[in-house]
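Inspection log for the structure reproduced underneath, given as structure tokens.
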There are 2 protein chains.
Amino acid sequence: MDRRQRKSREAIFTAFTRLLEKQAYHQITVQDIIDEADVGRATFYAHFETKEYLLKDLCEELFGHIIDTAMGLPHEHYHYSCGMTTDSVFLHLLRHLRENDRNILALLSSRNNEIFLQYFKTNLKKLVKTQFADTGKLKESKLPEDFLVNHISVSFVETVSWWLAHGTKETPEELAEYFERIIAPLV
Amino acid sequence: MDRRQRKSREAIFTAFTRLLEKQAYHQITVQDIIDEADVGRATFYAHFETKEYLLKDLCEELFGHIIDTAMGLPHEHYHYSCGMTTDSVFLHLLRHLRENDRNILALLSSRNNEIFLQYFKTNLKKLVKTQFADTGKLKESKLPEDFLVNHISVSFVETVSWWLAHGTKETPEELAEYFERIIAPLV
DNA sequence: TCCGTTACCGAACATTCTGTATGGTAATAA
DNA sequence: TTATTACCATACAGAATGTTCGGTAACGGA
């Protein structure tokens with residue numbers, strides 16, 4: 001990829017992120033973005049069809065990475081079956097959130113948090129599905145599997161959301177403990 | 001209130017609702033709304049400052065009513081303490097959703113569902129807070145109260161969302177049963 | 001180092017939507 | 001009946017969108 005392309009794309013991403021941290025998404029204009037990024041109008045449209053596609057690409061970069069990493073972790077049932085004290089995948093996610101580039105936590109706690117929490121939830125669902133697939137654990141509760149997968153994903157994202165809204169006072173370990181206590185009866 | 005005012009306001013609400021059921025909120029223009037409602041441009045702005053305020057007013061009408069009704073119900077702990085078989089407030093909500101005017105379920109399951117689920121959640125939180133206030137039930141779990149209030153509210157809304165996304169195959173009673181099973185360990 | 005390619009810029013453009021203003025008309029409430 | 005007022009049609013300025021185009025310079029391969 002041409003260095004100029006990378007630079008422009010990166011400049012737009014960074015500018016967009018900066019704007020998202022202080023302004024509401026829907027009142028950010030393409031004009032705002034190219035002013036902040038200091039690129040030409042035509043350049044923006046050469047990279048992204050619309051503002052919405054820019055958001056989509058940003059989110060895929062943000063959550064795609066964090067979820068893919070967690071995908072490689074051992075599945076939940078290893079934790080129980082072999083007696084090893086592996087950290088739960090959820091604790092891993094919480095720790096990862098703090099170390100991510102482009103300040104993912106800032107976006108998740110900005111005034112645009114709903115947008116990003118939504119993307120987070122969607123991606124997390126895939127992870128939860130593979131984590132708990134074929135463990136048989138979920139079936140014991142006699143509730144539909146995708147109902148539970150959805151419930152667990154949503155609950156985690158909302159736990160993170162609550163955490164951020166209250167100033168991230170708890171440690172990742174404490175928060176993971178909260179979360180485990182909530183879904184423990186189900187898995 | 002002047003009859004003409006009521007008619008215009010109602011026409012705008014109805015047109016807006018109709019549009020929301022098929023188009024994405026953000027690409028609905030004021031022009032679309034006044035065309036559908038068949039009112040003048042100036043009339044729209046005499047009633048609503050912006051499209052966003054229209055949405056806000058619509059949501060307050062939709063959820064304000066449904067929540068206020070439920071507010072008058074006996075609190076959850078009556079159910080347990082006096083042994084009466086009163087329906088849970090959640091079952092009541094589910095039944096109410098189907099009978100509401102202006103087709104609230106259509107909006108909750110439209111492509112704009114996220115917007116309305118969000119409003120639903122916000123309003124529900126108030127209800128849950130008063131329902132479980134001072135019952136002491138929540139404190140037994142040793143989790144922060146507003147963490148639990150948030151969790152219960154979100155879980156209910158997501159349960160409804162899941163229900164709609166799967167064609168509302170379950171009866172309100174079955175769904176309430178699902179939901180109770182999920183939060184039962186906490187309350 | 002040279003050269004063809006290509007990303008970028010600045011500027012201009014038509015188009016669409018917004019929110020406001022105005023003067024005339026007709027429905028309303030008292 | 002009469003004063004009020006909500007409404008309409010129209011026009012308008014301002015802003016944002018998405019596209020086009022010719023010129024410039026950075027790039028990567030040879």
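Quick caveat, the model's predicted, so the values are computed rather than measured. Convention: sequence-line order gives letters A, B, ...; per-chain numbering from 1.
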(request) Describe, in one word, how the ring planes of A/Phe63 and A/Phe120 are oriented to each other, choosing from parallel (under 30°), tilted (30 to 60°) and perpendicular (over 60°). (result) parallel
Interface polar pairs with nucleotides 1-3 of chain C, N/O, under 3.5 angstrom:
none

(message) Does any part of the side chain of B/Asn113, heavy atoms only, come nearer than 4.5 Å to the side chain of B/Leu107, both counted from C-beta?
(response) no
(request) Check whether any side-chain heavy atom of A/His151 sits under 4.5 Å from a side-chain heavy atom of B/Trp162, and report yes or no. (result) no
(request) May I ask you to say whether B/Asp2 pairs ionically with B/Lys7, meaning some side-chain N is under 4.0 Å from a carboxylate O? (result) no
(message) Whether A/Arg95 and A/Glu173 form a salt bridge (side-chain N of Lys/Arg under 4.0 Å from carboxylate O of Asp/Glu) is what I want to check.
(response) yes
(request) Tell me whether the OP1 or OP2 atom of D/dC7 has a side-chain N or O from B/His47 closer than 4.0 Å. (result) yes
(message) Is B/Thr43 close enough to D/dC7 that one of its side-chain N or O atoms is under 4.0 Å from OP1 or OP2 there?
(response) no
With a 3.5 Å cut-off and no angle check, do the side chains of [X] and [Y] form a donor-acceptor pair?
X	Y	value
B/Glu114	B/Tyr25	no
B/His166	A/Asp146	yes
A/Gln31	A/Arg41	yes
A/Thr29	A/Asp32	yes

Which atom pairs link the protein and nucleotides 26-30 of chain D when you take only N or O atoms and keep those under 3.5 Å?
from: D/dA26; atom 1: N3; to: A/Arg4; atom 2: NH1; distance (Å): 3.1
from: D/dC27; atom 1: OP1; to: A/Arg3; atom 2: NH1; distance (Å): 3.2

(request) Working to the nearest 0.5 Å, report the span between CG of A/Leu97 and NE2 of A/His92. (result) 10.5 Å
Specify the separation, in whole Å, of atom [atom1] of [X] and atom [atom2] of [N].
X	N	atom1	atom2	result
B/Gln27	C/dC17	CD	P	11 Å
B/Ile33	C/dC17	CD1	P	12 Å
B/Ile34	D/dT10	CD1	P	13 Å
A/Asp32	D/dA15	CG	P	13 Å
A/Phe44	C/dA7	CZ	C1'	16 Å
A/Ile12	C/dA7	CD1	C1'	12 Å
A/Tyr53	D/dT17	OH	C1'	16 Å

(message) Counting primed atoms plus P, OP1 and OP2 as sugar-phosphate and everything else as base, spell out the protein contacts along nucleotides 18-24 of chain C at 4.0 Å heavy-atom distance: B, S or - for each nucleotide, 5' to 3'.
(response) BBBB---
(message) Please classify the nucleic acid contact of A/Asp38 as base, sugar-phosphate, or nothing, using heavy-atom distances under 4.0 Å.
(response) sugar-phosphate
(request) Determine the minimum heavy-atom distance between A/Leu93 and A/Ala70, stating which atoms define it. (result) CD2-CB, 4.0 Å
